[in-house]
> 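Would you mind keeping the following structure in view while I ask a few things?
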Number of protein chains: 4
Amino acid sequence: MARTATAQSATTADLPISRKPGRPRDARCDQAILAATLDIVREGGVVGLSIDAVAARAGVGKATIYRRWSSKEALVLEALQADTEPIDVPDYGNLRRELETYFDQLIERFASSGSSDVLPHLIEAACYDAEVRASLDEYIKQRQKPLVAILRRASQRGDLSPDVDRNVMVEVLVGPVIYRRLLTGGRIDRPFVRKLLDLVLSAG
Amino acid sequence: MARTATAQSATTADLPISRKPGRPRDARCDQAILAATLDIVREGGVVGLSIDAVAARAGVGKATIYRRWSSKEALVLEALQADTEPIDVPDYGNLRRELETYFDQLIERFASSGSSDVLPHLIEAACYDAEVRASLDEYIKQRQKPLVAILRRASQRGDLSPDVDRNVMVEVLVGPVIYRRLLTGGRIDRPFVRKLLDLVLSAG
Amino acid sequence: MARTATAQSATTADLPISRKPGRPRDARCDQAILAATLDIVREGGVVGLSIDAVAARAGVGKATIYRRWSSKEALVLEALQADTEPIDVPDYGNLRRELETYFDQLIERFASSGSSDVLPHLIEAACYDAEVRASLDEYIKQRQKPLVAILRRASQRGDLSPDVDRNVMVEVLVGPVIYRRLLTGGRIDRPFVRKLLDLVLSAG
Amino acid sequence: MARTATAQSATTADLPISRKPGRPRDARCDQAILAATLDIVREGGVVGLSIDAVAARAGVGKATIYRRWSSKEALVLEALQADTEPIDVPDYGNLRRELETYFDQLIERFASSGSSDVLPHLIEAACYDAEVRASLDEYIKQRQKPLVAILRRASQRGDLSPDVDRNVMVEVLVGPVIYRRLLTGGRIDRPFVRKLLDLVLSAG
DNA sequence: GATTAACCGAGACGGTACGTCACGTCTTTAA
DNA sequence: TTAAAGACGTGACGTACCGTCTCGGTTAATC
């Protein structure tokens with residue numbers, strides 16, 4: 001995914017167990033490159049990230065990077081995916097409470113990450129690079145999963161009308177938060193989330 | 001705004017008619033530069049925009065650009081502002097109808113502009129450059145004005161509970177649209193807007 | 001010669017029939033590599049020749065080439081030697097006529113080969129690589145043999161004073177031709193050769 | 001000459017004294033670049049010369065070099081030309097003696113320069129690059145001038161038959177020396193020169 | 001009318017990063 | 001052990017922009 005498509009699974013192989021000829025890619029390189037990428041991004045953002053720098057820090061040739069990722073954004077995305085674990089919300093049997101728990105964790109994450117330039121940069125890159133576009137979509141989808149699960153549970157419970165399009169619901173919940181973060185630069189805190197939930201859940 | 005503050009109009013001048021010594025700036029340069037900027041952005045997006053290119057296209061020295069704008073983002077922002085006129089929605093006496101009208105126009109604009117990289121780029125630039133940050137905020141504020149007006153009218157009319165934080169309301173309405181545009185890449189059309197309004201206005 | 005000395009014939013072997021263990025080298029590889037080398041050199045000169053390209057064209061791994069030749073110059077030299085056959089001049093009993101015949105053939109060869117970059121490249125390579133130096137010297141020596149033979153015959157005949165250092169004579173004859181070819185880029189044709197022989201043989 | 005043709009004389013200018021617009025090239029850059037080039041070549045030959053290295057040593061951007069010279073060979077040639085002064089031989093009224101003096105100096109130069117790779121490299125480069133070809137021809141022509149002068153004097157004096165093509169004579173004298181230097185690697189010393197002159201001047 | 005100061009075009013300048021290419025070596029499976 | 005394939009670290013390539021800096025020349029207001 002966003003990886004340069006070379007070492008794909010042997011779809012057309014005659015035998016069940018086949019191998020690509022030639023020297024296989026060294027997994028330690030992947031590790032080193034991803035680690036170096038995260039380091040540099042954390043230090044100076046995506047702007048401070050150059051392929052030269054990653055190569056130098058990882059002790060790796062530039063070609064070794066380009067062999068695996070087609071752009072630095074694809075690289076950053078993969079590094080990011082490997083680094084973040086999904087937000088987990090237990091089943092409280094109460095939609096509002098679960099959403100508050102979810103957003104509390106989200107608030108914390110945003111707070112700790114500062115005003116990173118990673119997401120904006122990836123969004124921009126996705127405009128030009130279809131591969132990044134796809135990877136970013138996938139990344140977003142993964143990160144939305146917990147929220148989708150919360151809503152699904154609420155539907156089954158009857159806390160949420162079955163008429164509601166859950167995808168749109170997700171967007172209505174997350175959209176304003178992202179909007180604040182990216183555009184207005186407003187504070188993302190409990191009062192904001194409460195007002196947001198008030199507005200969106202008032203129908204229930 | 002975002003203009004390099006050197007030759008601004010003499011707002012605080014002691015004398016009614018004062019002038020800076022030396023040759024005054026040529027207004028035709030401003031025009032040529034902004035026009036060239038819009039051309040290039042429309043052709044190749046902000047990525048295809050370099051100061052060298054703008055200077056060449058406008059038939060202008062690079063210094064003439066740097067004398068007026070501190071960065072290419074400030075330049076793009078000003079070019080953009082000069083180019084877009086605000087969405088206008090008449091007073092129908094009906095919140096839902098006014099919002100639908102507003103979003104219809106928004107949909108049309110998004111459709112005609114394709115998937116431009118301008119906004120993402122500015123968002124990213126705003127991460128590093130405080131001046132761009134301020135200009136972008138101002139730009140957003142301007143573009144939100146019609147929506148704010150719609151909500152204010154509704155409040156006065158009683159269509160909207162006075163408890164509702166109108167700023168948050170704006171964010172809840174616009175956020176999901178921006179979210180789709182920037183992140184999920186989903187379609188921004190009438191069905192989407194209808195579902196969005198259903199969700200947000202259901203309390204009313 | 002210039003071959004990587006690993007699998008040479010067992011000249012000093014104790015037993016009449018001995019064999020190295022392991023898989024023997026495939027002679028078809030030598031052929032394919034040399035052929036590919038000549039092809040590429042003829043198409044794009046030595047500049048267009050990379051080991052990667054030779055390997056790809058010959059359908060051979062790079063290691064298979066490095067196992068046999070220590071450098072691409074050694075490879076080119078061997079390919080060249082296999083490709084060129086010595087100039088042959090019959091005994092006319094007349095030094096001047098024999099030399100003219102020799103140079104006629106030389107002119108023809110130069111004409112047909114265009115202004116190849118092979119010799120210049122090898123000369124340069126010989127500056128850094130002692131092995132190439134030796135191989136090139138050997139190659140030159142081989143190609144001078146017919147000329148040396150002509151001069152020896154002339155000496156025996158008495159057409160050439162025994163005081164003359166035949167090696168220097170060779171250099172005086174060939175030097176100017178090479179000089180033109182490599183440095184001044186002047187035409188190498190019959191009038192030039194005639195003037196050259198007039199000058200050098202005027203003593204006789 | 002071999003210079004990137006940008007700052008040529010104003011052939012088509014209306015006025016006798018015209019100037020190119022824009023900031024003029026900085027002559028100190030030329031100096032610094034040529035000096036750095038000579039340094040590096042003397043240390044590690046042309047192989048050790050990279051544009052990056054020259055730029056670094058000269059404290060100059062790479063573009064500043066590429067703006068002036070189209071290739072590193074053109075650069076080396078100009079550096080060389082600026083560095084070498086012509087061999088000077090007084091009028092002794094005796095062809096043989098003058099030639100011996102000339103070659104003595106030539107021997108000394110070769111001896112002091114070691115077995116440089118500069119000339120071989122330039123010869124090879126001249127195969128691909130017409131500009132280098134022209135510059136090299138010009139360089140050779142300049143360096144031959146003293147020898148041509150010697151022969152002209154001899155002609156006027158009557159020491160040299162007017163039938164002799166002086167250009168060919170130059171090639172017959174210099175060719176063998178170059179041939180030794182480049183190809184056979186033989187010693188270039190007084191005995192060799194004496195034999196050479198014996199052969200070539202025996203007609204006189 | 002001369003001076004002065006900021007403007008203008010053009011383009012050179014020191015940098016930084018780019019993505020590609022070839023090098024010669026190493027690591028895999030298979031013969 | 002050789003073979004094909006190809007990954008590996010290295011290092012140079014030539015290009016594109018960056019933002020700054022000289023140039024000669026222009027255009028007003030001030031002296």
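Sequence lines set the chain letters: A, B, ... in the order given, protein chains first and strands last, and positions in each chain run from 1. Since the structure is predicted, the reported quantities are computational estimates derived from the model, not experimental observations.
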> Which donor-acceptor pairs under 3.5 Å do side chains of residues 51-62 of chain C form with protein atoms, sequence neighbours excluded?
{"from": "C/Arg57", "atom 1": "NH1", "to": "C/Glu43", "atom 2": "OE2", "distance (Å)": "3.4"}
{"from": "C/Arg57", "atom 1": "NH2", "to": "C/Glu43", "atom 2": "OE1", "distance (Å)": "2.9"}
{"from": "C/Arg57", "atom 1": "NH2", "to": "C/Glu43", "atom 2": "OE2", "distance (Å)": "3.2"}

> Please enumerate all residues that pass salt bridge (Lys or Arg N to Asp or Glu O under 4.0 Å) together with A/Arg28, with sequence neighbours excluded.
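Residues passing salt bridge (Lys or Arg N to Asp or Glu O under 4.0 Å) with A/Arg28: A/Asp26.
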> If you go through the side-chain atoms of A/Lys62, does one of them form a donor-acceptor pair with the base of F/dG9 closer than 3.5 Å?
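Counting by modelled atom types and ignoring angles, no donor-acceptor contact under 3.5 Å is found here.
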> Once rounded to the nearest 0.5 Å, what's the spacing between atom CD1 of A/Ile65 and atom CD1 of A/Ile33?
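Answer rounded to 0.5 Å: 5.0 Å.
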> Mind checking what makes side chain to side chain donor-acceptor pair (under 3.5 Å) contact with A/Arg42, not counting sequence neighbours?
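So A/Arg42 forms a side chain to side chain donor-acceptor pair (under 3.5 Å) with A/Asp83.
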> Quick one: stems involving DNA chain E, counted as three or more successive Watson-Crick or G-U pairs, both distances short of 3.5 Å.
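So far as stems of 3 or more pairs are concerned, DNA chain E shows E:1-31 with F:1-31.
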> Can you figure out which of F/dT20, E/dG15, E/dA12 approaches the side chain of D/Ala63 most closely?
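Nearest nucleotide to the side chain: E/dG15.
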> Please figure out whether C/Lys72 or D/Val60 has its closest DNA chain E nucleotide nearer the 5' end.
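Mapping each residue to its closest nucleotide by heavy atoms, the 5'-most match is D/Val60.
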> Going by side chain to side chain contact (heavy atoms under 4.5 Å, CB included), name the residues that satisfy it together with A/Leu34, two or more places apart in sequence or in a different chain.
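A/Leu34 satisfies side chain to side chain contact (heavy atoms under 4.5 Å, CB included) with A/Trp69, A/Leu75, A/Glu78, A/Ala79 only.
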> Pull out every protein N or O sitting under 3.5 Å from an N or O of nucleotides 3-5 of chain E, one pair per line with the distance.
none

> Expressed as a whole number of angstroms, how long is the span from C/Glu73:CD to E/dG24:P?
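For the pair C/Glu73 CD and E/dG24 P, the rounded distance is 8 Å.
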> Is C/Thr64 close enough to F/dA4 that one of its side-chain N or O atoms is under 4.0 Å from OP1 or OP2 there?
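Yes, because at least one side-chain N or O of C/Thr64 sits under 4.0 Å from OP1 or OP2 of F/dA4.
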> Quick check on contacts: within residues 45-56 of chain B, what sits under 4.0 Å from DNA chain E by heavy-atom distance?
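Contacts with DNA chain E under 4.0 Å: none.
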> Atom OG of A/Ser116 and atom NE2 of A/His121: how far apart are they, to the nearest 0.5 Å?
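One finds 11.0 Å between OG of A/Ser116 and NE2 of A/His121.
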> Does D/Arg67 have a side-chain nitrogen or oxygen under 4.0 Å from the phosphate oxygens OP1 or OP2 of E/dG11?
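Negative; the distance criterion is not met.
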> State which of E/dC13, F/dC8, F/dC13 makes the closest approach to the side chain of D/Arg68.
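Nearest nucleotide to the side chain: E/dC13.
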> Name the residue closer to the 5' end of DNA chain F, choosing between C/Ala58 and A/Gly59 according to the nucleotide with the nearest heavy atom.
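That would be C/Ala58.
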> With sequence neighbours left out, write down each residue that passes salt bridge (Lys or Arg N to Asp or Glu O under 4.0 Å) with B/Asp30, or none if nothing qualifies.
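By the salt bridge (Lys or Arg N to Asp or Glu O under 4.0 Å) rule, B/Asp30 matches B/Arg3, B/Arg68.
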> In chain order, what residues pass the side chain to side chain donor-acceptor pair (under 3.5 Å) check against D/Asp129, with sequence neighbours excluded?
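For D/Asp129 there are no side chain to side chain donor-acceptor pair (under 3.5 Å) partners, ignoring immediate neighbours.
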